[in-house]
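Have a look at the structure below, then the notes.
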Amino acid sequence: MCYSTPRKAGSGQDPHGYSAEKSPLSGLLKRNASWSENVHHSDPTFFTRSAEKQTPNILWLGCSDSRVTAEQIVGAGPGELFVHRNIANLCVHTDLNCLSVIQYAVDVLKVEHIIVCGHYGCGGIAAAIQPEPLGLIDHWLVNIKDVYAANKEKFENIHDQKEKENLLSELNVGETVRSICHTAIVQRAWKRGQKLSVHGWMYGLDDGLISELGCWNQSMSMKMPNV
């Protein structure tokens, strides 16, 4: 049974008799309640502050992979990052969702940094290399396949599959950075002199460490490698 009518705040049960204890996700709900209680005790004004207007300085564009949670891996708290995630951290110019996030972050929130964070061991990258059809996701992965094809000579002497995937992950981050920089949103921001930099990062699942591949800004003083 699923029930979507919101229950009265503070009650354990809604007026129709649905109890959170019966939910198949009751474990998560209990952990949420425990987290909320602990935060209230440790920082009584936390939720009051969180309810106010957000003012993050960073837009994070990362992968949907459940192991790469933006706030956790950089030790950020609520309100510090404006986050958008999709499979293999892409910025496709026909993706109105991603572009809307970027526009809001740049034009409204006035973020000063956009971080594109890829990761080694990415399933989307691995899927893009293998030849078997996967269904609907193939339409999304074709963007990564294009990156692979455009850099095919870089893979000619690489025989280890993991090494190929790692290189493609880095190249894919570079392509996403370039794609963001070429959006009209970022170009307009730079034209009006808005302080804004786009960074390429890679996260290692095996050690939890982030490496910085490069940065683009209005002066283009640093450029992404292999782009």
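Basis for what follows: all heavy atoms, side chains included, without hydrogens, waters or symmetry-related copies.
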Could you state whether Leu205 and Ile73 fall into the same hydrophobic cluster, counting links through intermediate Ile, Leu, Val, Met, Phe, Trp or Tyr residues with side-chain heavy atoms under 4.5 angstrom apart? yes

With a 4.5 Å cut-off on side-chain heavy atoms, are Val198 and Asn217 touching? no

A side-chain contact here means heavy atoms from C-beta on lying under 4.5 Å apart; do Met202 and Ser169 qualify? yes

Do Ser36 side-chain atoms and Asn32 backbone N/O form a donor-acceptor pair below 3.5 Å? no

Heavy-atom closest pair, residues Val173 and Trp201: CG2-O, 3.8 Å

Check whether Asn151 reaches the backbone of Lys154 with its side chain - one donor and one acceptor, N or O, closer than 3.5 Å. no

Examine Leu168 and Ile137 and state if one hydrophobic cluster contains both, with Ile, Leu, Val, Met, Phe, Trp and Tyr joined whenever side-chain heavy atoms are less than 4.5 Å apart. yes

Is there any ring-ring contact (aromatic ring centres under 6.0 Å, His included) pair reaching into residues 65-102, and which pairs are they, with sequence neighbours excluded? Phe82-Tyr104

Kindly compute the distance separating CD (Gln218) from CD (Gln187), expressed to the nearest 0.5 Å. 9.0 Å

Side-chain donor or acceptor of Ser179 paired with backbone N/O of Glu175 under 3.5 Å: no

In sequence, state the C-alpha distance, the side-chain angles, and the governing distance for Val111 and Ile58, and then conclude on side chain to side chain contact (heavy atoms under 4.5 Å, CB included). CA-CA 5 Å; Val111 299; Ile58 298 170; 5.8 Å; no

Lys145 NZ: over 12 foreign heavy atoms closer than 6.0 Å: yes

Could you give the distance from CD1 (Ile87) to CG (Asn143), rounded to the nearest 0.5 Å? 11.5 Å

In one Ile/Leu/Val/Met/Phe/Trp/Tyr side-chain cluster, 4.5 Å: Leu25, Trp35: no

Just by distance, do the side chain of Thr45 and the backbone of Thr48 share a donor-acceptor pair under 3.5 Å? no

Side-chain donor or acceptor of Gln194 paired with backbone N/O of Asp107 under 3.5 Å: no

Report all side-chain donor-acceptor pairs from residues 121-134 shorter than 3.5 Å, counting only partners two or more places apart or in another chain.
{"residue": "Gln130", "atom": "OE1", "partner": "Glu132", "partner atom": "N", "Å": "2.9"}
{"residue": "Gln130", "atom": "NE2", "partner": "Ala127", "partner atom": "O", "Å": "3.4"}
{"residue": "Gln130", "atom": "NE2", "partner": "Glu132", "partner atom": "O", "Å": "2.9"}

Is there side-chain contact between Pro56 and Leu109, with at least one heavy-atom pair below 4.5 Å? yes

Would you say Asn38's side chain and Ser34's backbone share a donor-acceptor pair under 3.5 angstrom? yes

Do Leu209 and Ile115 land in one hydrophobic cluster if side-chain heavy atoms of ILVMFWY residues count as linked below 4.5 Å? no

Working to the nearest 0.5 Å, report the span between CD of Glu156 and NZ of Lys164. 10.0 Å

So, do Asp95 and Leu90 sit near enough that their side-chain heavy atoms are less than 4.5 Å apart? no

What I'd like to find out is whether the side chain of Glu170 reaches to under 4.5 Å of the side chain of Leu213, using heavy atoms alone. yes

Answer whether the closest heavy-atom distance between the side chains of Gln103 and Arg188 falls below 4.5 Å. yes

Taking atom types as modelled, find out whether His199 and Glu212 have a side-chain donor-acceptor pair closer than 3.5 angstrom. yes

In this structure, would Val108 and Leu61 fall into the same cluster of hydrophobic residues linked by side-chain contacts under 4.5 Å? yes

Distance check, rounded to the nearest 0.5 Å: Glu163 atom CD versus Tyr120 atom OH? 11.0 Å

Euclidean distance, Ile114 CD1 relative to Thr176 OG1, rounded to 0.5 Å: 12.0 Å

Could you walk me through whether His119 and Arg67 pass the side chain to side chain contact (heavy atoms under 4.5 Å, CB included) test, one step at a time? CA-CA 10 Å; His119 67 98; Arg67 300 165 293 178; 4.2 Å; yes

In sequence, state the C-alpha distance, the side-chain angles, and the governing distance for Glu71 and Leu81, and then conclude on side chain to side chain contact (heavy atoms under 4.5 Å, CB included). CA-CA 7 Å; Glu71 291 86 355; Leu81 302 177; 4.3 Å; yes

Please confirm whether the ring centroid of Phe47 lies under 6.0 Å from the ring centroid of His40. yes

Evaluate the side-chain proximity of Trp140 to Asn86: yes if any heavy-atom separation is below 4.5 Å, no if none is. yes

Salt bridge or not between Lys162 and Glu165? Use side-chain N to carboxylate O under 4.0 Å. no

Could you check if a side-chain atom of Ile102 sits within less than 4.5 angstrom of a side-chain atom of Cys91, using non-hydrogen atoms only? yes

Any chance you could lay out the salt bridge (Lys or Arg N to Asp or Glu O under 4.0 Å) test for Asp65 and Arg85, step after step, and finish with the verdict? CA-CA 9 Å; Asp65 193 300; Arg85 296 168 67 184; over 6 Å; no

Centroid-centroid under 6.0 Å between Tyr203 and Trp60 rings: no

